[in-house]
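Pasting a structure here, questions to come.
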Amino acid sequence: MHRLIYKSRSTEIIDKESVRDILYTSQEMNRKSVVTGALLATNSHFLQILEGEFEAVNETFFRIVHDPRHGKVELISFGPIDKRLFDKWTMKAFGLFNLNEEMESILKEKYGEEEEGVYFPLEELLVLSLVADVSMMNKSPMTS
Ligand SMILES: Cc1cc2nc3c(=O)[nH]c(=O)nc-3n(C[C@H](O)[C@H](O)[C@H](O)COP(=O)(O)O)c2cc1C
């Protein structure tokens, strides 16, 4: 079992609809290849965690990297894991563009800011901490 984390910059402004479109195509493919994970989005950036068998994660990432909806893809980590963190989710998505002001300022203070949104860290430990914070704050993740 492997986990891959990357950050990318969207080529267009991200909104609920664009995240829904991505989920719509991802969920069926991820179900088939037994890939699970989480997707965070601000108005400008994506941060994604993919979990599954090495080949499945590799193939999924290869497709994602070539998607024209984003660029500047930065690989944060890719390595073996003992178990999935997101085993119940083909892809659990959180839009950080519709946070309330208090949550947004807490996250900006802790992680920083980029292009008016919450900064997506390039360190694996900080990514996992951010995802944990966001899932605690947001009890109802987006679905397609
Ligand atoms: C930010 C982002 C995240 C994505 N996540 C996934 C994913 O988890 N699984 C997946 O199959 N496709 C994902 N996609 C879509 C793929 O890039 C691609 O469009 C899709 O897999 C269909 O591949 P194909 O056009 O080569 O058939 C994502 C795209 C973007 C922009």
Side-chain angles (χ1 to χ4, degrees), residues 1-100 103-104 106-108 110-144:
M1 197 67 64
H2 276 64
R3 180 181 300 125
L4 182 152
I5 306 178
Y6 77 87
K7 170 182 180 174
S8 65
R9 192 179 184 288
S10 178
T11 38
E12 283 179 14
I13 293 173
I14 307 167
D15 59 14
K16 259 190 179 174
E17 280 314 303
S18 41
V19 176
R20 286 220 171 89
D21 284 348
I22 290 169
L23 286 181
Y24 188 75
T25 40
S26 308
Q27 280 172 337
E28 201 185 328
M29 302 196 81
N30 291 359
R31 200 171 300 122
K32 278 187 199 148
S33 49
V34 206
V35 166
T36 54
L39 174 67
L40 267 57
T42 57
N43 283 133
S44 57
H45 288 82
F46 295 109
L47 186 65
Q48 192 172 27
I49 300 177
L50 301 165
E51 300 171 336
E53 293 303 332
F54 177 85
E55 277 305 328
V57 171
N58 213 23
E59 275 167 23
T60 306
F61 185 56
F62 186 80
R63 269 187 278 114
I64 293 173
V65 165
H66 292 97
D67 195 312
R69 286 175 282 189
H70 59 180
K72 284 193 188 164
V73 178
E74 292 177 275
L75 182 63
I76 294 172
S77 62
F78 187 19
I81 53 169
D82 290 320
K83 70 187 283 287
R84 296 172 193 257
L85 280 173
F86 304 94
D87 57 343
K88 291 180 187 66
W89 297 85
T90 50
M91 195 47 62
K92 187 176 188 180
F94 296 101
L96 273 61
F97 35 76
N98 54 6
L99 289 172
N100 73 39
M103 288 176 184
E104 183 150 352
I106 291 171
L107 292 175
K108 281 181 176 171
K110 188 164 172 185
Y111 298 99
E113 207 173 318
E114 67 187 325
E115 295 184 44
E116 289 165 30
V118 176
Y119 176 74
F120 283 160
L122 293 167
E123 268 181 60
E124 184 179 20
L125 286 177
L126 285 176
V127 170
L128 297 175
S129 158
L130 172 64
V131 174
D133 285 347
V134 170
S135 19
M136 266 194 295
M137 286 175 168
N138 193 332
K139 299 279 182 220
S140 50
M142 296 172 65
T143 50
S144 62

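Whatever order the structure lists ligands and atoms in, that order sets their numbers, starting from 1. Not measured: the values here are computed from a predicted model.
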Which protein heavy atom lies closest to atom 11 (O) of ligand 1, and at what distance to 0.1 Å?
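For atom 11 (O) of ligand 1, the nearest protein heavy atom is R63 NH1, 2.7 Å.
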Protein heavy atom at shortest distance from atom 12 (N) of ligand 1:
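So the nearest neighbour among protein heavy atoms is S26 OG, 3.6 Å.
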Is there a side chain to side chain donor-acceptor pair (under 3.5 Å) between D21 and S18 once you walk through the steps?
CA-CA 5 Å; D21 284 348; S18 41; over 6 Å; no
Side chain, backbone, both or neither: which applies to M91 and ligand 1 if a contact is any heavy-atom pair less than 4.0 Å apart?
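Just the side chain.
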Non-hydrogen side-chain atoms of M91 and T36 separated by less than 4.5 Å
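No - every pair of side-chain heavy atoms lies 4.5 Å or more apart.
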If you draw a 6.0 Å radius around CD in E113, do more than 12 non-hydrogen atoms from other residues or ligands fall strictly inside?
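Count over threshold, so yes.
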To the nearest 0.5 angstrom, please state how far the OG atom of S135 sits from the CH2 atom of W89.
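So the gap between those two atoms works out to 9.5 Å.
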Single hit among H70, R63, R69 for side chain to side chain donor-acceptor pair (under 3.5 Å) with D67:
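Passing option: R69.
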Considering only heavy atoms of Q48, which atoms of ligand 1 have at least one such atom less than 4.0 Å away?
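Answer, ordered by atom number: 3 (C), 4 (C), 5 (N), 6 (C), 7 (C), 8 (O).
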Could you say whether the N/O atoms of S8 and ligand 1 ever approach to under 3.5 Å?
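In this structure, S8 places no N or O atom under 3.5 Å from an N or O of ligand 1.
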Between F78 and F54 (judged by ring centroids, cut-off 6.0 Å), do the two rings come close enough to count as a pair?
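Yes, they do, as the ring centres are separated by less than 6.0 Å.
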The single option from F46, F61, F120 passing ring pair (Phe, Tyr, Trp, His ring centres under 6.0 Å) against Y6:
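Among the candidates, only F61 passes.
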Verdict with reasoning, T60 to N30, per side chain to side chain contact (heavy atoms under 4.5 Å, CB included)
CA-CA 8 Å; T60 306; N30 291 359; 4.1 Å; yes
For ligand 1, note which part of L50 has a heavy atom under 4.0 Å away: side chain, backbone, both or neither.
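L50 to ligand 1: side-chain contact only, backbone stays beyond 4.0 Å.
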Report, in ascending order of atom number, the atoms of ligand 1 lying under 4.0 Å from any heavy atom of I22.
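Those atoms are 1 (C), 2 (C), 3 (C), 4 (C), 28 (C), 29 (C), 30 (C), 31 (C).
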Heavy atom of protein closer than 4.0 angstrom to atom 25 (O) of ligand 1
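No; the ligand atom in question lacks any protein heavy-atom contact below 4.0 Å.
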Do N30 and ligand 1 have an N or O pair less than 3.5 Å apart?
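N/O-N/O distance below 3.5 Å exists for this pair.
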Nearest protein heavy-atom contact for atom 16 (C) of ligand 1: which residue, which atom, what distance?
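Nearest neighbour among protein heavy atoms for atom 16 (C) of ligand 1, to 0.1 Å: D67 OD2, 3.5 Å.
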Under a 4.0 angstrom heavy-atom cut-off, which atoms of ligand 1 come close to Y6?
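Ligand 1 atoms under the 4.0 Å threshold to Y6: 1 (C), 2 (C), 3 (C).
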Between CE of M29 and CZ of R31, what distance do you get to the nearest 0.5 Å?
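Rounded to the nearest 0.5 Å, the CE-CZ separation comes to 12.0 Å.
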Consider ligand 1: state whether an atom of it lies below 4.0 angstrom from any non-hydrogen atom of Y24.
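No.
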Row check, Y119 ring normal vs K7 NZ/CZ: under 6.0 Å, within 45°
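Yes; both conditions hold, so K7 lies above the ring face of Y119.
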Does H70, backbone or side chain, put an N or O under 3.5 Å from an N or O of ligand 1?
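Checking ligand 1 against H70, no N or O pair falls under 3.5 Å apart.
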For ligand 1, is V65 a contact, meaning one of its heavy atoms is under 4.0 Å away?
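V65 does not count as a contact of ligand 1 under the 4.0 Å cut-off.
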Out of all atoms in ligand 1, which are within 4.0 Å of some heavy atom of M29? Include the element for each.
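That gives atoms 11 (O), 20 (C), 21 (O), 22 (C) of ligand 1.
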